[in-house]
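Count residues from 1 along the sequence. Hydrogens, waters and symmetry mates are skipped; everything else that's a heavy atom, side chains included, is used.
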Amino acid sequence: MSDFWSRRRAAVSKEAAAEQQAQEAALVAAREAEVAEKSDDELLEELGLPEPEALGEGDDFKQFLTEAVPSRLKTRALRQLWKVNPVLANIDGLVDYGEDFTDAATVVENLQSAYQVGKGMMAHVQELARQAEAKAAEVEADSLEEEEVALDLADADGDGEDVEVQPEPAPEPVAYVPPEFEPEPEAAPLVQRRMRFTFDTQRTG
């Protein structure tokens, strides 16, 4: 029985906390909607606050963090705090995603790409294939024109008679002949020498 009442009290407390959070969110939304029509200068004058960008190092930024200050003014104050605070302003370079990748200065104007969603680079590949086919057709037309010119010249030399144009024979393959190497000179024969020994046969008395 005690377990049931414990769960019941926890559920009631949770419902009360959720209802309180909903009321606070509704108040914040109503306050934001009320100040949305007013400019930042009007809000700063009503609240008696200075311009956030006029604050410097050592100034009190807590006055912008109260509930009465709209979120857009808090954002301006926090941005100024980030600039003037030496701890926050000096980035050590170890912050992941610390760079501004949405900088408009890095955007290339009039950027054109052959990439198509769902097709990839298909148009670019097709254009390259078309250019290759056109070039091959142009080369073939040039070769046919050269053959016609050769036939016309042959007819002119033969007084109108048909002359069969023989293709030039292909060059005969040349067998590879390794270079001749001069034999190394023979070494001079070794002269055999014999050792001779002499013995003294005379003995002293």
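- Counting heavy atoms from C-beta outward, Leu55 and Leu81 have side chains that stay 4.5 Å or more apart.
- Counting all heavy atoms, side chain and backbone alike, Leu47 lies closest to Ala68 at CD1-O, 4.0 Å.
- Nearest heavy-atom pair across Val69 and Lys74 is O-CE, 3.2 Å.
- Two residues are said to be in side-chain contact when any heavy atoms from C-beta on lie closer than 4.5 Å; Leu44 and Pro52 meet this criterion.
- To the nearest 0.5 Å, atom CG of residue Asp60 and atom CG of residue Leu49 are 10.0 Å apart.
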message: Is there a side chain to side chain contact (heavy atoms under 4.5 Å, CB included) between Arg72 and Leu43? Walk through the geometry before answering.
response: CA-CA 11 Å; Arg72 63 177 188 264; Leu43 293 173; 3.1 Å; yes
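- For the residue pair Glu51 and Arg76, the shortest heavy atom distance occurs at OE1-NH2, 2.9 Å.
- By the 6.0 Å contact criterion, CZ on Arg79 is open, its count of non-hydrogen atoms from other residues, nucleotides or ligands being 12 or less.
- Dense packing is recorded around CD of Glu127, with more than 12 heavy atoms of other residues, nucleotides or ligands lying under 6.0 Å away.
- Note: Leu65 CG to Leu73 CG = 11.5 Å, rounded to the nearest 0.5 Å.
- Taking a 6.0 Å sphere around CD of Gln131, one finds it holds more than 12 heavy atoms contributed by other residues, nucleotides or ligands.
- Between Glu138 and Lys135 no salt bridge is recorded (no basic side-chain N to carboxylate O distance below 4.0 Å).
- Contact of the Gln126 side chain with the Arg130 side chain is not registered, since no non-hydrogen atoms from C-beta on lie closer than 4.5 Å.
- Listed by chain and number, the residues in a salt bridge (charged side-chain N to carboxylate O under 4.0 Å, His left out) with Lys38 are Glu46 (sequence neighbours excluded).
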